[in-house]
Peer 1: 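Before anything else, here's the structure in question.
Each chain gets a letter, A, B and so on, in the order the sequences are listed, and its residues count up from 1.
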4 protein chains.
Amino acid sequence: MARPRNTDRRSAILSAATRAIASQGLGATTAMIAKEAGVSNGSLFVYFDTKAALLNELYVALKTEMATTSLVGLPAGSEPREQMLHMWTQWLRWATASPEKRRALAQLQVSDDITAASHQAVNSASSAIADLLERSRAGGPMQDAPLGFVLTLTNAIAETTIDTVIREPADAEALVRVAFDAIWRVIAGA
Amino acid sequence: MARPRNTDRRSAILSAATRAIASQGLGATTAMIAKEAGVSNGSLFVYFDTKAALLNELYVALKTEMATTSLVGLPAGSEPREQMLHMWTQWLRWATASPEKRRALAQLQVSDDITAASHQAVNSASSAIADLLERSRAGGPMQDAPLGFVLTLTNAIAETTIDTVIREPADAEALVRVAFDAIWRVIAGA
Amino acid sequence: MARPRNTDRRSAILSAATRAIASQGLGATTAMIAKEAGVSNGSLFVYFDTKAALLNELYVALKTEMATTSLVGLPAGSEPREQMLHMWTQWLRWATASPEKRRALAQLQVSDDITAASHQAVNSASSAIADLLERSRAGGPMQDAPLGFVLTLTNAIAETTIDTVIREPADAEALVRVAFDAIWRVIAGA
Amino acid sequence: MARPRNTDRRSAILSAATRAIASQGLGATTAMIAKEAGVSNGSLFVYFDTKAALLNELYVALKTEMATTSLVGLPAGSEPREQMLHMWTQWLRWATASPEKRRALAQLQVSDDITAASHQAVNSASSAIADLLERSRAGGPMQDAPLGFVLTLTNAIAETTIDTVIREPADAEALVRVAFDAIWRVIAGA
DNA sequence: TATGAATGAGGATTCATTCAT
DNA sequence: TATGAATGAATCCTCATTCAT
């Protein structure tokens with residue numbers, strides 16, 4: 001049952017789940033999600049074996065989308081700092097343009113339902129980001145730390161920034177610049 | 001008169017809740033918690049009106065304990081960096097010594113059951129930390145950012161570090177040092 | 001499409017509730033009612049949002065049935081006394097034929113769970129009875145009393161009679177006749 | 001444990017139960033009642049073995065008080081109608097002066113917790129009333145009906161009247177007179 | 001005797017999942 | 001395939017009653 005024809009329905013459900021989780025948290029019921037998707041209760045289980053399966057798939061989809069979007073139009077030949085800044089800007093654009101996706105993702109990230117496999121899948125999906133990070137930290141104070149740590153760290157800072165911006169969009173621009181400088185200091189020193 | 005209300009029981013429940021939440025997540029049932037505390041199902045509700053009330057109290061207790069412990073023996077006259085380092089060390093010591101408290105706290109932090117009042121209570125409990133942060137960033141690149149942002153940012157970095165250390169305690173010492181330098185770079189520049 | 005919602009099931013639950021309440025009182029649990037109806041615990045809540053909702057619906061259904069039955073075959077052109085006697089006879093027939101309905105109704109009538117709306121709904125359902133009562137008391141000693149009072153009074157006498165008849169069916173016939181005369185004396189004098 | 005010294009406490013509890021039941025219905029918890037009585041939870045069970053025991057005792061006490069009060073100052077040598085009128089007046093005075101007792105009694109009367117023994121006890125307590133009723137109906141249309149039936153019937157009419165008066169005290173006086181005439185018509189004819 | 005802490009058997013309700021149509 | 005009715009285990013919480021003090 002895991003992959004029937006109608007792709008629209010699948011994504012309708014995933015999209016509904018995003019909205020439901022953003023507003024109700026992980027406690028959003030499958031009934032709510034189905035209703036939000038304009039689909040029957042039972043249909044949800046035609047497309048996803050389990051609520052957990054839905055959650056995992058949504059997590060991977062959201063995180064992958066985020067990674068992909070962040071890399072769109074990356075200036076190929078530029079310096080790492082330039083590229084990081086580009087990524088950072090894209091990332092924030094995505095998150096502020098889709099606050100519901102961001103909120104849902106934040107919830108999913110800490111859920112016990114997300115399997116190690118999903119976390120793994122996401123990691124490999126963001127290998128391009130990892131590469132960029134690798135190049136950015138070369139010769140810097142973080143060069144000997146585990147790459148995973150640097151990744152998570154960057155992610156944590158980014159998410160904190162995003163959440164602050166979403167909550168108080170007043171001085172967003174300034175804040176975003178300050179935050180990028182902070183990230184760069186973390187990764188590349190000075 | 002009557003059997004006096006047993007303060008041990010209260011803390012037994014809080015402590016059991018910590019363990020249960022650390023291992024089962026916020027879905028840990030009141031029955032589990034009561035059993036783990038060696039207390040009857042109904043007794044839990046003698047001490048806490050509601051599961052949410054228990055969660056909130058636990059959150060405040062844990063976070064306050066973390067803040068208090070981090071400040072124990074703070075070298076009064078020293079430079080901000082010295083003091084931050086001290087706090088950082090203490091913080092990590094607490095977290096690594098009590099991984100269950102750390103895990104429970106991580107879950108509680110994102111729970112919808114935690115009221116604004118509890119978050120407020122915690123904030124005021126950690127005002128000393130805020131002060132230290134304020135002094136540390138003076139004249140640095142973060143001096144104009146909202147203090148709350150700097151606080152959350154520091155917190156995020158710390159927690160990421162702690163989680164990594166807990167997961168892979170191999171090169172803990174080195175990692176901790178690297179992470180502190182990163183934090184200092186974020187807050188104070190250079 | 002899907003399994004159509006079974007109307008029998010609804011009435012099975014209502015009917016089971018009647019029996020359960022007749023024998024156990026309003027404390028009859030939803031579990032008992034569901035079991036008695038040959039339905040799962042959860043199904044009860046598919047048909048009734050709440051135990052209180054079930055109770056209210058049952059109350060209205062029972063009282064309406066009682067009113068309707070009492071009016072079946074009412075001799076249209078007859079004198080009020082004739083009509084009242086007819087109603088009285090039908091009423092008693094219904095009550096003695098369905099002692100469980102009568103007992104359940106007695107309990108529901110005094111329940112705090114029955115809303116004003118339900119009481120209202122019942123009132124309008126028994127407007128034909130009210131009309132008959134109005135005609136019967138015309139020119140009699142009760143002509144200036146509030147109609148609601150006369151209605152409740154009649155109801156109280158009827159129910160007392162019914163309960164006595166159900167408890168001791170020995171001289172039912174005589175008792176019923178005596179009681180009717182009493183009612184008529186109350187309403188119409190002489 | 002059924003009858004310890006301190007009579008004040010006993011009656012404090014009974015009185016508290018009256019108030020609690022009047023306002024909360026039979027669902028009033030023993031905790032509520034104890035608190036209302038200014039007595040500890042556990043003490044209630046020193047005086048009454050069981051909640052049901054408390055309820056039964058309260059029922060008997062209330063009903064007995066009602067009967068006794070109704071007979072105070074009964075004009076000894078008068079005609080039955082005169083005596084009935086006196087009783088009726090006293091009864092209504094008691095009920096309107098103590099609406100909480102009346103409300104509690106109404107609830108208790110239909111409770112499954114009240115044993116047959118309690119109902120029996122009440123009957124014998126109101127034997128004087130029964131006597132009066134017996135004399136009143138002599139030679140009338142109710143002379144051959146079971147005495148118990150006539151008693152319950154009278155009671156039902158009285159209670160309906162009381163409830164109406166309590167609910168809408170506007171034309172109380174007129175209503176009370178009309179109702180008495182109705183009762184007398186029921187019992188003694190014309 | 002008086003207290004109120006402690007108990008644990010329920011009780012109403014929810015919800016992921018199954019299944020008849 | 002799509003539906004939504006049906007399920008029943010699981011959950012939080014209540015409350016009469018017991019018992020240590």
Peer 1: I'd like to know whether A:Ser43 forms a side-chain hydrogen bond (donor to acceptor under 3.5 Å, both in side chains) with A:Ser40, so could you lay out the CA-CA distance, the side-chain angles of the two residues, the decisive distance to 0.1 Å, and finally the verdict.
Peer 2: CA-CA 5 Å; A:Ser43 279; A:Ser40 82; 3.3 Å; yes

Peer 1: Less than 4.0 angstrom from a charged side-chain N to a carboxylate O is my criterion; do D:Arg103 and D:Asp163 meet it?
Peer 2: no

Peer 1: Donor-acceptor pair, distance only, cut-off 3.5 Å: does the side chain of D:Asn41 make one with the backbone of D:Ala34?
Peer 2: no

Peer 1: When rounded to the nearest 0.5 angstrom, what distance separates CG in A:Leu44 from NZ in A:Lys51?
Peer 2: 10.0 Å

Peer 1: Dump every N/O contact between nucleotides 5-8 of chain E and the protein below 3.5 Å, one line per pair.
Peer 2:
from: E:dA5; atom 1: OP2; to: B:Arg5; atom 2: NH2; distance (Å): 3.3
from: E:dA5; atom 1: O4'; to: B:Arg3; atom 2: O; distance (Å): 3.3
from: E:dA6; atom 1: OP1; to: B:Arg9; atom 2: NE; distance (Å): 2.9
from: E:dA6; atom 1: OP1; to: B:Tyr47; atom 2: OH; distance (Å): 3.1
from: E:dA6; atom 1: OP2; to: B:Tyr47; atom 2: OH; distance (Å): 2.3
from: E:dT7; atom 1: OP2; to: B:Arg9; atom 2: NH1; distance (Å): 3.3
from: E:dT7; atom 1: OP2; to: B:Ser40; atom 2: N; distance (Å): 3.3
from: E:dT7; atom 1: OP2; to: B:Ser40; atom 2: OG; distance (Å): 3.4
from: E:dT7; atom 1: OP2; to: B:Ser43; atom 2: OG; distance (Å): 2.4
from: E:dT7; atom 1: O5'; to: B:Ser40; atom 2: OG; distance (Å): 3.4
from: E:dG8; atom 1: N7; to: B:Gly42; atom 2: N; distance (Å): 3.1

Peer 1: For residues B:Val110 and A:Gln107, report the shortest heavy-atom separation together with the two atoms involved.
Peer 2: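 Heavy-atom minimum between the residues: O-OE1, 4.5 Å.
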
Peer 1: Please give the stem ranges for DNA chain F, sorted by first residue number, where a stem is three or more consecutive Watson-Crick or G-U pairs and both donor-acceptor distances are under 3.5 Å.
Peer 2: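 As far as DNA chain F goes, consecutive pairing (with distances under 3.5 Å) yields the stems E:2-21 with F:2-21.
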
Peer 1: Is there a donor-acceptor contact under 3.5 Å linking the side chains of A:Arg19 and A:Ser15?
Peer 2: yes

Peer 1: Between E:dT13 atom P and C:Phe45 atom CZ, what is the distance in whole Å?
Peer 2: 5 Å

Peer 1: Roughly, in whole Å, what's the span from CG in C:Asp49 to C1' in E:dC15?
Peer 2: 15 Å

Peer 1: Kindly say whether A:Ala52 contributes a backbone atom to a donor-acceptor pair with the side chain of A:Thr50 at under 3.5 angstrom?
Peer 2: no

Peer 1: Measure from the side-chain N and O atoms of D:Thr18 to the backbone N and O of D:Leu14, and report whether any donor-acceptor pair falls under 3.5 Å.
Peer 2: yes

Peer 1: Please give me every residue in residues 21-35 of chain A whose heavy atoms get under 4.0 Å of an atom in DNA chain F, ordered by residue number.
Peer 2: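 None - not one residue of the stretch has a heavy atom sitting under 4.0 Å from the strand.
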
Peer 1: For the pair made of CG in C:Asp113 and C1' in E:dA12, what is the distance, rounded to whole Å?
Peer 2: 12 Å

Peer 1: Can B:Ser98 and B:Arg102 be counted as having a side-chain donor-acceptor contact under 3.5 angstrom?
Peer 2: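 There is no such pair between these side chains.
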
Peer 1: Are the side chain of D:Arg10 and the backbone of D:Tyr47 linked by a donor-acceptor contact shorter than 3.5 Å?
Peer 2: yes

